[in-house]
Asks: 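Pasting a structure here, questions to come.
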Number of protein chains: 2
Amino acid sequence: MQGTEANAGSRRGRRNDPDRRDRIIDACLDVIAESGVAAASHRKVAEHAGVPLGSMTYYFDGIDDLLRQAFARFTATISERFEQRMASAHDPASALDAVVAIVRDDVFGSSRELVLTHELYTLAARERGYRRLTAEWMARSRAALERYFDPETARLLDALVEGLTLHRALDDEQSDSFDIAGAVARVIDHGDQNR
Amino acid sequence: MQGTEANAGSRRGRRNDPDRRDRIIDACLDVIAESGVAAASHRKVAEHAGVPLGSMTYYFDGIDDLLRQAFARFTATISERFEQRMASAHDPASALDAVVAIVRDDVFGSSRELVLTHELYTLAARERGYRRLTAEWMARSRAALERYFDPETARLLDALVEGLTLHRALDDEQSDSFDIAGAVARVIDHGDQNR
DNA sequence: GTGATATGCGTACACATGTACACACTCGTG
DNA sequence: CACGAGTGTGTACATGTGTACGCATATCAC
């Protein structure tokens, strides 16, 4: 149905020059962040990446493939960074600090990641394929949190972070003065933070 | 720049038959829920609503106008329902029950509202015009919560609900067994619930 | 040098889109 | 009955889209 030839995937050229592939994926994420998934056309991405249009279908099996790979890279990058930051913590208290710092950076940092995240969420809310990506992402961040908190607290923390980020993103003013650390502490204080 | 004629808005016909307008908006939301904002074209919405293509530009000033009005109706509907449910509560405890019930319904109910919400969030994350909509929406739900909880708790609750909904939407399994009531209570118990 | 083979790209094509605009049609007024 | 203003629609057009495919170019064995 969707592969035009049965053996196309593995035979049609070795797909050299991974640098170029990477550049295309990066450009794709840039375009999505700037103008949305809907605007991420072969032509626009190609122009942004400085590659000819023909390269698009050469390096990727259609635009769906490109989008999927772009978001896969995005979630991988974010997850890695999250795990790195969490790994530098050595007890629940410093883990909390790390969480707060991450929220801060996601919130005050460039809106690029925020927009990309929402674009992915939207795709995931409708298509199961992308939901695999978001589910894995969430699982990884929960796992990182569970090194310092019990599972229920970890889940709650994760949800809270998500919600706070959302609120900040969708409300222009208002949230500036919000005390992130206090909110997080309030969720934690109550529970029994173990291990 | 974007109005073709200066007086177009108020003069070009009285735009009768509001029923038809409404039907188009409903159809638009249906299409968005089913296939996303990107797929909500004049033609598809027209077909879905059972109106000719020409009606699209007749009743709305282009597709942006249609989308904006569709989402405006969506947020208004949701907000009203939320306020109604919250109004039926008479003390913090029953208000909590109402919140839990709403989360349940949003989570287990049809995915339509969930998908629409994400589509709107995505738009809002990138365009200020839609952010006005989401900001107002959030303000209304916070105000409803503040009838029973102090502002900080209300904000936290709101964020938590948002986060939980998100998690449930983006993770196929896993969240089934999650204890919503417990999570909400945990946020509340700690704080001083006043008024 | 000479051919062969894999790599990469320019281009064309069928199709979908938003929107404008000329045309029917209705209906109330004289 | 005549007619004219206003309501609503069919259609055409310019533009942008994904993708296939024929052709150029580089690389390498001999």
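Naming convention: chains lettered A, B, ... in sequence-line order (proteins, then strands); numbering from 1 in each chain.
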Asks: What is the separation between atom CG on B/Asp61 and atom P on C/dG18, rounded to the nearest whole Å?
Replies: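 Whole-Å distance recorded here is 15 Å.
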
Asks: Give the rounded distance in Å between these two atoms: CD1 of A/Ile63 and P of D/dT19.
Replies: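 These atoms are roughly 7 Å apart.
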
Asks: Does D/dG8 have OP1 or OP2 under 4.0 Å away from a side-chain N or O of B/Ser55?
Replies: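 No, outside the criterion.
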
Asks: Distance only, no hydrogens: is a donor on one side chain within 3.5 Å (strictly under) of an acceptor on the other, for B/Ser94 and B/Asp91?
Replies: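 Looking only at side-chain atoms, B/Asp91 and B/Ser94 do form a donor-acceptor pair, the distance falling under 3.5 Å.
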
Asks: Given atom CZ of A/Arg43 and atom P of D/dT19, what is their separation to the nearest angstrom?
Replies: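 Interatomic distance, CZ of A/Arg43 to P of D/dT19: 11 Å.
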
Asks: Is atom CZ of A/Arg132 surrounded by more than 12 heavy atoms (other residues, nucleotides or ligands) closer than 6.0 Å?
Replies: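 No, because the 6.0 Å sphere around CZ of A/Arg132 holds 12 heavy atoms or fewer from other groups.
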
Asks: Report yes or no: do B/Glu119 and A/Tyr121 form a side-chain donor-acceptor pair below 3.5 Å?
Replies: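 Absent: no donor and acceptor within the cut-off.
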
Asks: Determine: side-chain N/O of B/Tyr59 to OP1/OP2 of D/dG8, distance under 4.0 Å, yes or no.
Replies: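 Result: yes.
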
Asks: Could you state the atom-to-atom distance from NZ of A/Lys44 to C1' of D/dT15 in whole Å?
Replies: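 Distance check: A/Lys44 NZ to D/dT15 C1' gives 13 Å.
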
Asks: On the nucleotide D/dG8, are OP1 or OP2 found under 4.0 Å from the side-chain N or O atoms that B/Tyr58 carries?
Replies: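 Affirmative; the distance criterion is met.
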
Asks: Rounding to a whole Å, what distance do you find between B/Asp64:CG and C/dG18:C1'?
Replies: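 Nearest whole value for this atom pair: 10 Å.
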
Asks: Taking OP1 and OP2 of C/dT7, is either one under 4.0 Å from a side-chain nitrogen or oxygen of A/Arg21?
Replies: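 Checking C/dT7 against A/Arg21, no side-chain N or O comes under 4.0 Å of OP1 or OP2.
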
Asks: Taking 4.0 Å as the cut-off, does a side-chain nitrogen or oxygen of B/Ser41 come that near to OP1 or OP2 on C/dT17?
Replies: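 Affirmative; the distance criterion is met.
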
Asks: What is the distance, to the nearest angstrom, from the CG atom on A/Leu53 to the C1' atom on C/dG10?
Replies: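 Going from CG in A/Leu53 over to C1' in C/dG10 covers 9 Å.
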
Asks: Distance check needed: D/dA14 C1' versus B/His42 NE2, whole Å only.
Replies: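 Nearest whole value for this atom pair: 16 Å.
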
Asks: Under 4.5 Å between side-chain heavy atoms, hopping through other hydrophobics if needed: is there a path connecting B/Leu133 to B/Leu29?
Replies: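 The answer is yes; both residues are in one hydrophobic cluster.
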
Asks: May I have the distance from A/Leu67 (atom CG) to D/dG18 (atom C1'), rounded to whole angstrom?
Replies: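 In whole Å, D/dG18 C1' and A/Leu67 CG are 12 Å from each other.
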
Asks: Taking only the side-chain heavy atoms of B/Thr57 (C-beta and beyond), determine which of D/dT9, C/dT19, C/dC9 contains the nearest atom.
Replies: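 Comparing D/dT9, C/dT19, C/dC9 against the side chain of B/Thr57, the answer is C/dT19.
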
Asks: Hey, does the Lys NZ or Arg CZ of A/Arg68 hover above the aromatic six-ring of A/Tyr130, less than 6.0 Å from the centre and inside 45° of the axis?
Replies: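 Yes - A/Arg68 lies over the ring of A/Tyr130, closer than 6.0 Å to its centre and within 45° of its axis.
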
